[in-house]
Each structure stands twice: as C-alpha cells, then as structure tokens.
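Structure record follows, encoded as structure tokens.
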Amino acid sequence: MKRLGIMGGTFDPIHYGHLVTAEEARGRFELDKVVFVPSGKPPHKKGYPVTQARHRYLMTILAVATNPYFEVSRLEIERKGYSYTVDTVSHFYETSPKDCEIFFITGADAILEILTWKNVEALLGETKFIAATRPGIDLKHLDAVVAQLPAHGSNAIYPLEVPAMAISSTDIRKRVKEDRSIKYLLPEATEQYIYKNRLYLENGIS
Ligand code: ATP
Ligand code: MG
C-alpha cells in the first residue's frame with residue numbers, strides 16, 4: 001500500500017457527504033484505501049452530547065460495507081481521553097509501510113480550525129491534507145488560512161471540489177427528532193440502525 005486516506009469525524013451519524021468526499025478523494029489522489037476513524041471524545045465538540053462511540057462505529061461500519069476500498073478503525077474510540085489528529089496520523093505512519101504516503105481527508109470547514117490543533121506544525125510536516133469544499137465555504141478564506149501556516153505546510157493542503165452536498169449530521173439529527181424523513185441523506189442500513197436504536201429522539205439520550 002502506497003497511499004492511504006484517513007477520514008476522521010464524529011460520524012454522528014455518517015452520511016453521504018462524508019462518503020462522497022472519501023470516494024472522490026480516493027479517485028482523484030489514487031488512494032489504495034480510505035480508513036474512516038470515528039472520534040472518541042472529540043476535542044472540538046466538548047459540551048455537545050455526542051452519541052456513544054459503539055453506535056457511531058457501527059453506523060460507520062454499515063455505511064462503508066458496500067465499498068471494498070473503505071475500512072473503519074477503532075483506534076480513536078478505544079483511546080482514553082481526547083483524540084488528536086496528530087496522534088492518529090502518527091499511529092498510521094507507525095503501522096504502515098515506510099514509503100506509504102498519508103492523506104488526511106477533511107472538510108474545508110474543519111481545515112479552517114487547523115490552527116487550533118495540537119502540534120499543527122508537526123502534523124503539517126508529515127501529512128498531506130485534502131480539504132473538501134462544502135456548500136457555504138469560501139475557498140478564498142481557505143487560501144487565507146493556508147497562507148498563515150508555517151512555510152512547509154502550505155503545499156501540503158490540496159483543495160478538492162466534491163459534488164455540492166449540503167448534508168450535515170446536525171441536520172440529520174434534527175430531522176429525526178422532528179420526525180422528518182432522512183431518506184437519501186445517508187445509506188439505508190445506517191438509517192435503519194438509527195431507527196432500530198432510537199437514536200437522536202432526544203438531546204443527550206443516545
Ligand atoms: P456535525 O453537523 O455534527 O458537525 P458533520 O456533518 O460536519 O457533523 P463530522 O463528523 O463533523 O460531520 O465531519 C467529519 C468530516 O467530514 C469533517 O472534516 C467535515 O468537514 C467533513 N464533512 C461533513 N459533512 C460534509 C459534506 N456534506 N461534504 C463534505 N465534507 C463534509
Ligand atoms: Mg462538523
């Protein structure tokens with residue numbers, strides 16, 4: 001394996017925005033596989049009642065089941081304490097062949113938070129980022145953020161246009177709570193898992 005994609009996220013729940021982005025990145029950057037890494041306790045979402053990791057993990061497993069190039073890692077959900085991207089990426093470097101290139105796939109909105117990440121300089125030094133644009137994100141803003149990064153980081157971020165998808169986990173959770181349809185926003189198996197386990201019906205219960 002020469003090129004590995006890592007897609008981190010809360011995946012609460014995973015949806016077609018994530019899946020289309022990962023698939024587009026795989027094709028465009030000729031990735032051998034993409035590993036989805038559901039977060040444990042996300043440092044950027046403190047205070048928000050994130051669904052139990054086992055549910056988010058299983059929803060992700062169900063969602064990627066039909067793509068032979070997609071896998072799911074339990075790394076972050078098994079790690080105690082907060083999960084930091086830099087630690088996750090280091091783990092994949094340690095467990096992959098020496099010449100393997102790692103591409104961290106993220107939405108452009110998440111890249112905009114990059115300056116707040118722990119050890120951002122070390123991370124940029126070793127990892128390539130694929131920043132997917134999503135509706136409402138201005139790429140000029142991304143350029144401005146990239147320009148502020150340490151010199152070695154500026155060519156490590158590749159913007160990737162993905163088919164416009166206004167889907168978000170926040171909207172899906174809201175729809176379930178309001179008893180509105182979530183069909184065609186996420187894979188059917190994941191949709192059924194949500195209903196079977198009565199997720200997102202009330203804040204903080206799931
Ligand atoms: P929430 O609404 O709870 O914040 P989310 O839909 O943003 O959830 P996350 O799990 O937070 O999903 O996102 C994981 C990664 O996927 C992030 O890098 C985010 O920017 C990216 N992402 C989320 N939704 C989309 C989308 N529709 N298109 C492209 N990338 C997306
Ligand atoms: Mg988000």
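Start at 1 and go down the list; that is how both ligands and their atoms are numbered. In this chain, numbering begins with 1 at the start of the sequence shown.
Near Gly9, the atoms of ligand 1 lying under 4.0 angstrom from a non-hydrogen atom of the residue are 10 (O), 14 (C). Set against the non-hydrogen atoms of His15, the atoms of ligand 1 under 4.0 Å away are 6 (O), 24 (N), 25 (C), 27 (N). Near Ser168, meaning under 4.0 Å from one of its heavy atoms, ligand 1 places the atoms 2 (O), 6 (O). Contact atoms of ligand 1 toward Arg173: 3 (O) (distance under 4.0 Å to a heavy atom of the residue). Within ligand 1, the atoms closer than 4.0 Å to a non-hydrogen atom of Phe11 are 10 (O), numbered from 1 in the order shown. The contact set between ligand 1 and Thr21, taken as ligand atoms under 4.0 Å from a residue heavy atom, comprises 28 (N), 29 (C), 30 (N).
Residue contacts with ligand 1: Gly8 is included, with a non-hydrogen atom under 4.0 Å away. Remark: distances from the non-hydrogen atoms of Ile167 to ligand 1 include one below 4.0 Å.
None of Lys128, His18, Met7, Arg26 except one satisfies the side chain to side chain contact (heavy atoms under 4.5 Å, CB included) rule with Ile105; the exception is Met7.
In this structure, Arg173 contributes its side chain and Asp12 its backbone to a donor-acceptor pair below 3.5 Å. With hydrogens and angles ignored, the 3.5 Å screen pairs no side-chain donor or acceptor of Asp32 with any backbone N or O of Leu4. Without hydrogens or angle criteria, Ser169 side chain to Pro13 main chain gives a donor-acceptor distance under 3.5 Å.
In terms of the salt bridge (Lys or Arg N to Asp or Glu O under 4.0 Å) criterion, residue partners of Arg74 (sequence neighbours excluded) are, by chain and number, Glu78.
The aromatic rings of Phe29 and Tyr158 sit tilted relative to each other, their planes meeting at an angle between 30° and 60°.
Considering both main-chain and side-chain atoms, Val162 never comes within under 3.5 Å of ligand 1 through any nitrogen or oxygen pair. Between Thr133 and ligand 1, no pair of N/O atoms sits closer than 3.5 Å. At a 3.5 angstrom cut-off on N or O pairs, Gly107 counts as close to ligand 1.
Surrounding CZ of Arg28 are at most 12 heavy atoms belonging to other residues, nucleotides or ligands under 6.0 Å away.
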Pairs of donor and acceptor atoms involving the side chains of residues 182-197, under 3.5 Å and at least two apart or interchain, shall be tabulated with distances.
from, atom 1, to, atom 2, distance (Å)
Thr190, OG1, Met59, O, 3.2
Tyr193, OH, His55, ND1, 2.7
Asn197, ND2, Tyr193, O, 2.9

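The proximity of Thr106 to ligand 1, defined as any non-hydrogen pair under 4.0 Å, involves the side chain as well as the backbone.
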